[in-house]
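Step one of this worksheet: look at the structure below.
Counting starts at 1 for both ligands and their atoms, in listed order.
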Amino acid sequence: MMLSARPRWLPASLKWNRRWTLWVLLVALVVTMLGALVWLAARYEASMVQSRLERDTAEIVTDIRAGLTRNIQSLQALPGVERRPMDWRAQAGELLRQRREIVRLEWRDPSLKLGQFYESAYRASVFERMGRETINFEISQACNTAMRVGGPAYSSSYFTPQFNGLGLELIDVCLPHAVEGRLTGYTLATYSLQEILKELAGSQLTRGQGLSFTEADGTRLAITGTPVRGNRFYNAQQLLDLPGTTLVLRMDSWKGSPDFFPNMLTALVSSLALALIAVLLLLGRDIRRRLRVEHDLADALAFRKAMEDSLVTGLRARDLEGRITYVNPAFCQMVGVQAKDLLNHSFPSPYWPPELAGVYQDRQTIRLASNSLPQSGFESVFMRSDGTRFPVLIIEAPLINANGKHTGWMSAILDISEQRRVEEISRASQDRLQATARLAMVGEMASLLSHELNQPLAAISSYATGSLNLLEDAGTSTAPLAADLQLALRRISEQAERAGKVIKSVHDFVRRRDQVRECVAPRALLDAIMPLVSLQARKLHVRVAMEVDESCGAVLCDRTMVEQVLLNLCRNGMQAMREANTLSASERVLSLRVTPADAPWVMFSVTDHGVGISAAVADKLFTPFFTTKAEGMGLGLSLCRTVIEQHGGFLGHAPAVAGGTVFSFTLPSSLAGDPAARLASTQVYAASSMTTGTAT
Ligand code: ADP
C-alpha cells in the first residue's frame with residue numbers, strides 16, 4: 001500500500017530501486033514456490049516409496065508365514081519313525097529336496113534324544129563344525145513350548161559357524177508327535193534363515209532391494225538381495241510372529257538415481273513455472289520498452305502542447321469535407337470562440353463575416369473540389385465573436401497521415417490587423433513627412449515666388465501706370481487711345497494670369513495629397529513641374545532641356561508624388577550646378593529625359609553637370625536628414641526613393657558622362673501586367689546599369 005501510494009515526483013533512483021525490489025520479490029516468490037513444490041513432490045514421492053515398501057514387506061511376511069505353515073503341514077504328514085523308519089527317511093529326503101529352506105530333519109524321542117535325522121543334499125552338513133549338541137537348549141525350549149501349546153513351536157535363532165569361515169543363522173521348529181494321545185516323539189526341522197528369505201520371499205524382491213532378518217537391536221541375522229547404492233535409502237520392518245519366537249523382517253530399498261523432478265507432474269508444473277518466469281521477464285521487458293516509448297511520447301506531446309500554446313499563429317486543421325478537426329488556443333483566442341464550438345463545425349464557419357460567407361463558401365467549394373492549394377498565403381477577413389472584423393493571412397498545407405494518405409488541410413492563420421495598423425501609421429507618418437518636406441520646399445520657393453511675382457506685378461504696375469498716363473494725355477493728345485489702352489490692359493491681364501498660375505501651381509503642389517494612381521503621359525508630368533523648375537532655373541541661370549521619347553506610353557502613377565520626385569531631382573541638379581562655379585553658360589544645362597526601359601518600364605532621368613557625388617556622400621545619400629547644404633533638410637532623396645519604390649520602381653544614380661550626376665527612376669507603364677514581373681525586371685535593370693538606391 002505504501003509503495004503504490006508513493007507520489008510520481010519520487011526521484012528516479014528511488015523509482016528504479018522500487019521497481020527492482022518488486023522484480024526481486026517476484027522472482028524470489030516464484031523460486032520459493034517452485035522449490036516448495038519440488039520438495040513437497042519429492043516428499044510425496046518418498047512417502048509413496050515408503051508405503052509401497054511397507055506393503056511389500058507385509059506381503060513378504062505373509063508369504064513367509066504361509067510357506068512355513070505349508071512346511072508344518074508337510075512335516076505333520078511325515079510318518080512316525082518308530083514304526084516305519086525307512087518311510088520316514090524316504091519322505092524326509094523328499095521333503096528336503098522340495099523345501100530347500102529346511103536344512104535338516106530330525107526325529108527325536110520324547111526325551112529329545114536324537115533318533116533319525118536327514119540333512120539336505122544341497123549343502124554340507126550345517127552342524128559338522130560345531131556339533132548339534134551345543135544347541136540342545138534351544139531345541140528343548142522349542143519342544144517344551146510345542147508340548148505346552150500342543151502344536152509346532154519355533155526356537156530362537158542361533159548362529160552356527162561353518163567351515164568356510166562364515167556361519168549360518170538357523171532356527172528350529174519342533175513338532176510333537178502323538179499316537180492315541182501319547183507322545184511318541186518330535187519331528188524337528190532346522191531352517192536356514194538365509195534360505196527362508198531366499199526361497200519364501202526372494203522371488204518377490206526387485207533390483208535395489210534387500211531383505212533381512214534382524215534382531216531387535218538391528219543386528220542382521222540373515223540377508224538376501226543386494227541393494228544398489230543410491231542417494232535415498234528407505235527401509236521397512238515387520239514382525240514375523242511364530243509360535244515360540246518372533247523375528248523382525250526388514251526390507252531395505254535404495255533409490256538409484258537422484259531425481260530432481262520426482263515425477264511427471266512436478267516436472268510439468270516446474271517447467272510451467274519456469275516458462276511463467278520467462279514470460280514475466282519478457283513481459284517486463286516489453287512493459288519497460290512501452291513505458292519508455294510512452295514517456296518519449298508524453299515528452300513529445302508536452303513539447304507539442306507547449307509549442308502550440310506558445311504560438312501566436314492560429315492553427316486550424318480541416319478534413320476533406322471541410323469539417324474543423326483541430327484548432328490551437330491561439331486560433332480560439334483570435335476569433336474569440338471556444339474550441340468545442342469550432343470542432344466538427346463545417347461551413348459556414350462561425351468566424352466568417354455573414355456578408356462574406358457566400359463568397360467564402362464558393363471559394364472553399366472550388367478549392368475542395370480542385371484539391372489544390374494557393375501557391376502562397378492568401379489574405380482574408382475573419383470575424384471575432386464580438387462582431388469585429390480583422391484581416392488575416394492564411395497559409396495552407398495538406399495534411400498527410402502516417403500511411404501517406406491525404407486526410408485534410410492544415411492552415412496557419414496570422415492576425416495581420418496589427419500589421420495593417422502599423423502600415424497605416426507608417427503611411428500616415430510618411431504622408432506627414434512628405435507634407436512637411438513639401439512645405440519646406442514651398443518655403444524655399446516662397447522667395448523664388450516673390451521674385452517671380454515681382455515681374456508680373458511690376459509689369460502690371462507699369463502697364464497700369466502707362467494706361468493712366470494714356471488716359472491723362474487723352475485730353476491733350478489726339479493719338480488713338482483705345483488701341484493702346486486695349487494692349488496695355490491685355491498685357492495687365494496676361495501678367496495677372498501668369499501671377500495667378502504661379503500661385504496656383506504652388507498651391508496645387510502643397511494641397512494635392514490624395515494618392516490616386518492614374519495614367520499620365522510622361523510629358524504631362526514634366527510639363528506640370530516646368531513652371532516651378534523654370535522659376536529656379538532662371539534664378540540660377542540654368543537652361544532646362546526636355547527630351548521625351550514619343551514611343552513611351554502613359555505611366556501608372558500617383559501624379560503629385562512623382563511630380564515631387566521630379567522637382568526634387570531637378571532642384572538638386574540645379575543646386576549641384578550652382579556649387580560648380582566653373583561652369584560655362586552652355587554647360588549649365590539640366591536635361592530631363594524620358595526613355596523606354598525594359599518592358600514594361602519607362603525610365604525618367606535628370607542629368608546635371610554639377611559637382612557630382614563623392615563615395616562618402618553616396619553611402620548616405622538616401623539616409624533621411626542627410627544633407628550637405630546649409631539650408632537643406634536632407635529629406636528629398638529618401639522621400640523620392642520611398643515614392644518610387646511604392647510604385648514598384650527603382651531609383652538610382654550614376655556619374656554622368658560629361659561630368660555631374662544622372663539620377664534615374666522607373667515607373668510602370670500603364671499597360672504593365674504582373675507587378676511581380678515588374679519588380680523582377682527592375683532588379684535586373686538595377687544590377688546591370690546603376691548604383692543601387694535601395695537598401696539590400
Ligand atoms: P537636400 O537637398 O535637402 O540636402 P536631398 O536628400 O535631396 O536633401 O539630398 C541629399 C544630399 O545629396 C544633398 O545635400 C547633396 O549633397 C546630395 N545631392 C543630391 N543630389 C545631388 C546632385 N544632383 N549632385 C550632387 N549632389 C547631390
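- Of the N or O atoms in Thr627, one or more lie within a sub-3.5 Å distance of an N or O in ligand 1.
- Under a 4.0 Å criterion applied to the non-hydrogen atoms of Ile613, ligand 1 contributes the atoms 25 (C), 26 (N).
- Salt-bridge formation is not detected for the pair Glu424/Arg420: no Lys NZ or Arg NE/NH1/NH2 atom is positioned less than 4.0 Å from an Asp or Glu carboxylate oxygen.
- Salt bridge status for Glu579 with Lys629: absent, with no side-chain N to carboxylate O gap under 4.0 Å.
- The Ala576 neighbourhood of ligand 1 comprises atoms 22 (C), 24 (N), 25 (C), with distances under 4.0 Å to a heavy atom of that residue.
- Using a 4.5 Å heavy-atom threshold, the side chains of Val662 and Ser591 count as separate.
- Distances between N or O atoms of Gln575 and those of ligand 1 include no value under 3.5 Å.
- The residues Asp415 and Arg384 are annotated as salt-bridged, a charged nitrogen and a carboxylate oxygen being separated by less than 4.0 angstrom.
- At least one heavy atom of Thr661 sits less than 4.0 Å from an atom of ligand 1.
- Between Arg316 and Glu396 there is a salt bridge, since at least one side-chain N of the basic residue sits less than 4.0 Å from a carboxylate O of the acidic one.
- For His653, the heavy-atom gap to ligand 1 stays at 4.0 angstrom or more.
- In summary, the aromatic rings of Phe663 and Phe604 are positioned with their centroids too far apart to meet the 6.0 Å limit.
- Among protein heavy atoms, atom 15 (C) of ligand 1 sits closest to Thr628 OG1, 3.4 Å.
- Ligand 1 places these atoms under 4.0 Å from at least one heavy atom of Phe626: 10 (C).
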